[in-house]
*Asks:* 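My questions will all concern the structure given below.
Note that these values count all heavy atoms, side chains included, but never hydrogens, waters or copies made by symmetry. Note on naming: letters A, B, ... go to the chains in the order of the sequence lines (proteins, then strands), and numbering restarts at 1 for each one. Because the structure is a prediction, the values reported are computed rather than measured.
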There are 2 protein chains.
Amino acid sequence: MPSSHQGNVNTESVDNYLKAILALIGPEERRVSSTSLANRLGVAPASVTNMLQKLAASPLPFVEYERHRGVHLSAAGKRRALEVLRHHRLIETFLYEVLDYPLEEVHEEAERLEHFISERFEERIAAKLGHPKFDPHGHCIPAMDGKMPKQNSKPLTDLDEQGSFIVDSVSDRNALLLKQLRAHGIIPGAQLQVANSSPDDFVLRTGSDSKALRLSRDLAGAVRVRPAH
Amino acid sequence: MPSSHQGNVNTESVDNYLKAILALIGPEERRVSSTSLANRLGVAPASVTNMLQKLAASPLPFVEYERHRGVHLSAAGKRRALEVLRHHRLIETFLYEVLDYPLEEVHEEAERLEHFISERFEERIAAKLGHPKFDPHGHCIPAMDGKMPKQNSKPLTDLDEQGSFIVDSVSDRNALLLKQLRAHGIIPGAQLQVANSSPDDFVLRTGSDSKALRLSRDLAGAVRVRPAH
DNA sequence: CTAATAATTTAGGCATGACTAAATATCGTC
DNA sequence: GACGATATTTAGTCATGCCTAAATTATTAG
């Protein structure tokens with residue numbers, strides 16, 4: 001029987017649903033549709049409905065769900081999702097800093113291990129790393145109480161103006177893109193001079209290199225930046 | 001669908017069966033009974049039969065099994081069992097050396113994580129630790145090719161003679177006993193002067209302490225020693 | 001060598017979490 | 001406001017890995 005804290009079942013699968021919902025609600029906390037969850041999780045829409053019904057039916061449920069109206073996290077669900085996200089990002093940081101993983105490989109390993117580490121493991125790697133605030137992709141690591149500072153970065157594909165920016169974060173969802181970005185020196189903290197931005201090509205220059213780069217939309221879409229103050 | 005290398009299914013559960021069989025066959029490689037497996041794994045005997053039949057029926061099976069005659073590992077099964085054991089012991093060493101876990105807590109965490117780490121993780125922690133040969137309980141860590149040097153230690157409860165011994169290893173199966181042993185300075189490498197050995201009490205003196213200790217059979221049974229050369 | 005006991009296997013179920021196919025709701029457009 | 005497209009849910013299956021109860025096979029004592 002899988003572990004539970006309060007009537008809730010707490011499996012790897014449930015964790016993944018909660019994480020996916022957290023990722024999809026966005027800062028405005030919209031309700032999330034079954035289809036978008038199914039896409040994100042790589043399962044059939046019917047499987048999503050099934051799981052959501054199960055989650056919503058437990059006492060102290062992790063989600064609020066009404067049929068045909070999408071789903072949204074309860075306080076307990078958000079707490080759990082943030083805990084798993086904290087695990088994920090701490091593990092990524094640990095793999096990168098302590099075990100010298102290449103950036104593009106930390107995500108997959110963290111994705112597996114995040115479900116199985118103990119509170120002690122979490123605490124120990126956090127201590128070893130000096131309680132980091134950001135993972136190696138530049139994503140913020142939720143504090144133990146679930147607090148996350150709000151984000152003031154924008155996708156590189158959404159800029160209104162040209163100018164000087166700092167790479168805030170890079171997406172961890174595609175190892176290949178990540179490797180290419182890294183090869184161009186585009187990692188969190190890097191400085192970018194963003195020039196022309198046509199809908200399909202993003203032209204810029206990095207701090208380290210004097211010749212201009214041209215990024216595909218895919219590549220640029222994996223980068224978030226903030227103004228170089 | 002769970003990962004597989006060669007027709008074999010490769011789940012946490014399967015790993016645990018293989019590890020348990022490996023532990024129970026002993027150095028003489030006896031066949032293992034369903035009941036002993038059931039006891040070790042904490043499942044019903046019928047569940048064991050079920051699993052063994054499934055394992056034996058796959059192409060390139062992990063086990064050889066004939067009904068009513070016990071089970072034994074195939075070459076592939078032994079390879080897999082040793083790989084998981086290597087994971088387990090490397091993780092224990094890592095938790096102890098790098099994350100400063102107390103000795104008696106490494107086992108439980110390793111037991112969970114051993115099933116989910118990648119080859120890369122295994123390789124990286126091994127490198128970080130300088131390719132250790134022994135885990136913090138004093139157990140030998142199988143090499144990548146599965147080789148294990150043979151053991152020349154004996155249970156403290158099985159000694160023929162009194163005299164001077166070195167603690168070879170301590171059992172990891174009971175955290176409480178382990179903590180008590182540690183409190184008495186009985187950890188791998190410690191020197192022991194073994195005196196009287198009645199069937200129920202084991203009297204000895206450690207290198208570090210001048211007054212004699214009296215260990216219960218339970219406690220003594222968790223210790224293996226070798227002659228102080 | 002047989003009978004009782006112990007070990008093992010068979011049979012039938014259950015929960016989890018996926019799937020497909022079919023039914024039903026909702027939405028956007030005319 | 002109705003209709004077709006799309007999204008969602010229902011219904012029915014399946015594999016995994018566990019369970020209990022009942023049947024069967026082995027072992028041991030007399």
*Asks:* Rounded to whole angstroms, how far apart are NE2 on A:H115 and C1' on C:dT16?
*Replies:*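 It is 16 Å, rounded to the nearest whole Å.
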*Asks:* D:dT16, OP1 or OP2 - any side-chain N/O from B:Y17 closer than 4.0 Å?
*Replies:*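 It does not, given that no N or O in the side chain of B:Y17 lies less than 4.0 Å from OP1 or OP2 of D:dT16.
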*Asks:* Under the salt bridge (charged side-chain N to carboxylate O under 4.0 Å, His left out) rule, collect the residues that match up with B:D100, sequence neighbours excluded.
*Replies:*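 Salt bridge (charged side-chain N to carboxylate O under 4.0 Å, His left out) check on B:D100 returns nothing, list empty.
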*Asks:* Return the set of residues passing salt bridge (charged side-chain N to carboxylate O under 4.0 Å, His left out) with B:E28 (not counting sequence neighbours), or none when no residue passes.
*Replies:*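 Partners of B:E28 by the salt bridge (charged side-chain N to carboxylate O under 4.0 Å, His left out) criterion, ordered by chain and then number, come out as B:R30.
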*Asks:* For A:K54 and A:R67, find the nucleotide of DNA chain C closest to each by heavy atoms; which residue's nucleotide sits nearer the 5' end?
*Replies:*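 Of the two residues, A:K54 wins.
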*Asks:* Output the single nucleotide from D:dG17, C:dT26, C:dG17 whose closest atom is nearest the side chain of A:H68.
*Replies:*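 Looking only at heavy atoms from C-beta outward on A:H68, the closest nucleotide is C:dT26.
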*Asks:* Pairs under 3.5 angstrom, nitrogen or oxygen only, protein versus nucleotides 19-23 of chain D, please.
*Replies:*
{"residue": "D:dC19", "atom": "OP2", "partner": "B:A44", "partner atom": "N", "Å": "2.8"}
{"residue": "D:dC19", "atom": "OP2", "partner": "B:S47", "partner atom": "OG", "Å": "2.5"}

*Asks:* Using a 3.5 Å cut-off and no angle test, enumerate the donor-acceptor pairs between side-chain atoms of residues 66-73 of chain A and protein atoms at least two apart in sequence or in another chain.
*Replies:*
none

*Asks:* Nearest whole angstrom, please: distance from the P of C:dT9 to the CG of B:L55.
*Replies:*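 Rounding to the nearest Å, CG of B:L55 and P of C:dT9 are 13 Å apart.
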*Asks:* Check the distance between C:dG17's C1' and A:D15's CG and give it to me in whole angstrom.
*Replies:*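 Rounded to the whole Å, the gap is 14 Å.
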*Asks:* A:E92: what forms a salt bridge (charged side-chain N to carboxylate O under 4.0 Å, His left out) with it, not counting sequence neighbours?
*Replies:*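 Salt bridge (charged side-chain N to carboxylate O under 4.0 Å, His left out) check on A:E92 returns nothing, list empty.
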*Asks:* Please determine if a side-chain N or O atom of A:T11 lies less than 4.0 Å away from the OP1 or OP2 oxygen of C:dG17.
*Replies:*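 So the side-chain polar atoms of A:T11 do come within 4.0 Å of the phosphate oxygens OP1 or OP2 of C:dG17, strictly under.
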*Asks:* Return the value, rounded to whole Å, for the distance between atom CG of A:L52 and atom C1' of D:dA7.
*Replies:*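 Result: 14 Å.
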*Asks:* Using salt bridge (charged side-chain N to carboxylate O under 4.0 Å, His left out) as the criterion, list what pairs up with A:D168, not counting sequence neighbours.
*Replies:*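 Per chain and number, A:D168 pairs via salt bridge (charged side-chain N to carboxylate O under 4.0 Å, His left out) with A:R226.
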*Asks:* Under a 4.5 Å cut-off applied to non-hydrogen side-chain atoms, are B:R89 and B:P136 in contact?
*Replies:*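 Result no, sub-4.5 Å side-chain heavy-atom pair not found.
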*Asks:* Could you check how far CG of A:L37 sits from C1' of C:dA18, rounded to whole Å?
*Replies:*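 In whole Å, C:dA18 C1' lies 15 Å from A:L37 CG.
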*Asks:* Between B:E12 (CD) and C:dG17 (P), how many Å, whole number?
*Replies:*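 In whole Å, C:dG17 P and B:E12 CD are 14 Å from each other.
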*Asks:* Ignoring backbone atoms, establish whether A:T49 has a side-chain N or O less than 4.0 Å from OP1 or OP2 of D:dT10.
*Replies:*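 Looking at the OP1 and OP2 atoms of D:dT10, neither is under 4.0 Å from any side-chain N or O of A:T49.
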*Asks:* Can you tell if the side chain of B:E122 reaches within under 4.5 Å of the side chain of B:I117, non-hydrogen atoms only?
*Replies:*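 Result yes, sub-4.5 Å side-chain heavy-atom pair found.
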*Asks:* It should be established whether B:S13 places a side-chain nitrogen or oxygen under 4.0 Å from OP1 or OP2 of nucleotide D:dC18.
*Replies:*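 B:S13 to D:dC18 OP1/OP2: side-chain N or O found under 4.0 Å.
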*Asks:* Expressed as a whole number of angstroms, how long is the span from B:E66:CD to C:dT9:P?
*Replies:*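 These atoms are roughly 11 Å apart.
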